[in-house]
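Just so it is clear, the model here is predicted, and its values are computed rather than measured. Here is the naming used below: chain letters follow the sequence lines, and residue numbers restart at 1 for every chain.
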Amino acid sequence: MPVADAGLLPPAPVAERLAADAFAPAPSNPAGDVVRLTDIRRSFGATAALNGVSLSVRKGEILGIIGRSGAGKSTLIRCLNGLERPDSGQVLIEGRDTTRLSERELQPLRRRIGMIFQHFNLLSAKTVADNVALPLKIAGQSRRERLQRAAELLDLVGLAEKAGSYPSALSGGQKQRVGIARALAARPALLLSDEATSALDPETTRSILALLKDINRRLGLTIVLITHEMEVVRAIADRLVVIDAGRIVEEGPVWKVFAEPRSHITQSLLEASRPRLPPAIAGRLSDVPTGEAILRIDAAGEAAEAPFLAQLAAAVPGGFRLIHGGVDHIQDHPVASLFLGVAAAHASEAVAFLQARAVKVELIGHVQDDD
Amino acid sequence: MSKTMIDLFLRSLWETILMTGASGFISLVAGLPLGLALIATERGGIAENVWLNRLLAAIVNGFRSVPFIILLVALIPLTRLIVGTSIGTWAAIVPLSIAATPYYARIAEVSLREVDHGLIEAARAMGGNRWTIVREVLVPEALPGLVAGFTVTLVTLVGASAMAGAIGAGGLGDLAIRYGYQRFETAVMTWVVMVLIVLVCALQWLGDRLVARLDHRG
């Protein structure tokens, strides 16, 4: 899915100026991990929201955390800025353990962590510019400095002309842009995104994701986002963590997880965005090994770059028919997912041929010819 | 109406405005912090303290359940301590304020509780402390409701101040009872009621105008 949305983005010099003065790496962080969680546990009453989560977030990456509702992802992201305190485990932010800090000691640290929310959480009684400037007011900057910085950031998110408006006059997408500007105001080392696009329509979602990706790329800002939508992760994340029932069930580069989801939570989360066998054929599948065999093919990376279909057509007598599917590009890696039909007599031959070329094949059944 | 009657009328109007204004001001200054304390100390509040919350709630409920006319008499020793006398307009301001403060605290509490919890979370995520949350989030976001509630309190005080005639506080209500009701002077009664209607309408109109200007929730 394309995420280009250049029309809504500010001219490059603005972002570069911001990048030059604003987002210098934190001096106290030689290791390169912005966040490191070790065995985080958190329970609410008898239910364990987080059940031993360990993960690290590298400087400059976009980490997507995905899970169903109730999987513990909200609790997890709130542990990163201390809005939620784990019962046990260690939360290292730029090398400092935040679990030992008091609420008062956490406050300056939270200023290094921006956060955006599903429902934007803008203050209705303040103008757009005052909303963006609020983190700076909290940090004790003068009004002149605050408003100057707010103007820069509104420029960055493409809303310079809305500075004097109140949030109620903005659309959902504009509100989230203000939320992003506000989260960036105090020059954070880390941006947390809590279902930031879940309340937006698909088109606005794409433009907000494009903005986040752009900020990540141009300013080198580390982003952790939680979502229940695979499309969000696929559009902008570098790495993906799947959580279920308070545990990490799968982790890896986005394209790899998309190509080869191992846990069935991941598989079911991916279900909607992967090609599916057309119902007319799915309804006629049987185990009787005659007629036409239906193969499900998954290939990614190098395997998908090779001309395996052409080779298969040449190698199997009678060739095959392409039923459904295509090749997707995730993080610039080809990820192919196809359904093929071959004559049942040559099915095992075709499977062996493809497996020899590092292509994942599954014989999912047979379809008999209608008489 | 005679010259003496007009003077009496104007003096009574001024006494009503003074009682309403002074006790209204005190109920705002004391009731808003009390309302903030009620929501801050409740379970899940920004300064959770369940025992303090129960104590404050008990005090508020206690004062609110005593009929005003009883409170007026019961507070005479306190009034004498503060004002030096238990009779007159200034003496009435003490029990009026003490009755209006918990009343406004409850009204303020309702408006403050309606502030979206997500906004408080956002302020915390920015590194704000409790004072930031009160000053930048709770009070500004609840302001339209706080102003509307204060208007209600003022109008209630206009009515309550009539009872303060019982301790010689004067005011329009007292004038209506003594001249209009007890002496059957219907003209005085009619005038008083008309002026009270105008006063209440004016207060409500001003309050509504202010709320409309402050409300940006769209």
Can you tell which part of A:R104 gets under 4.5 Å to a heavy atom of chain B, answering side chain, backbone, both or neither? neither
The interface call for A:P135 against chain B, heavy-atom contacts under 4.5 Å, is both
Not counting sequence neighbours, list each pair that qualifies as a salt bridge (Lys or Arg N to Asp or Glu O under 4.0 Å) and has a residue in residues 32-45 of chain B. B:E42-B:R113
At under 4.5 Å between heavy atoms, what parts of residues 117-125 of chain A are in contact with chain B? List them by residue number. A:F117, A:N121, A:L122, A:L123, A:S124, A:A125
Drop me the distance from B:I120's CD1 to A:L83's CG, to the nearest 0.5 angstrom. 12.0 Å
Distance from A:R78 atom CZ to B:R124 atom CZ, nearest 0.5 Å? 10.0 Å
Counting only heavy atoms not in [X], do more than 12 fall under 6.0 Å of its [atom1]?
X      : atom1 : result
B:R106 : CZ    : yes
A:R143 : CZ    : no
B:F68  : CZ    : yes
A:R41  : CZ    : yes
A:R85  : CZ    : yes
B:F25  : CZ    : no

Any idea which heavy atoms bring B:G128 and A:Q107 closest together, and the distance? O-NE2, 3.7 Å
Kindly give the heavy-atom pair with the smallest separation between B:E136 and A:K137, and that separation in Å. OE2-NZ, 2.9 Å
Using a cut-off of under 4.5 Å for heavy-atom pairs, which of A:N81, A:L134, A:I113 has the most such pairs with chain B? A:L134
Tell me, out of A:M115, A:R110, A:K126, who's got the most heavy-atom pairs with chain B below 4.5 Å. A:R110
With a 4.5 angstrom heavy-atom cut-off, could you sort out which part of B:D116 is near chain A: side chain, backbone, both or neither? side chain
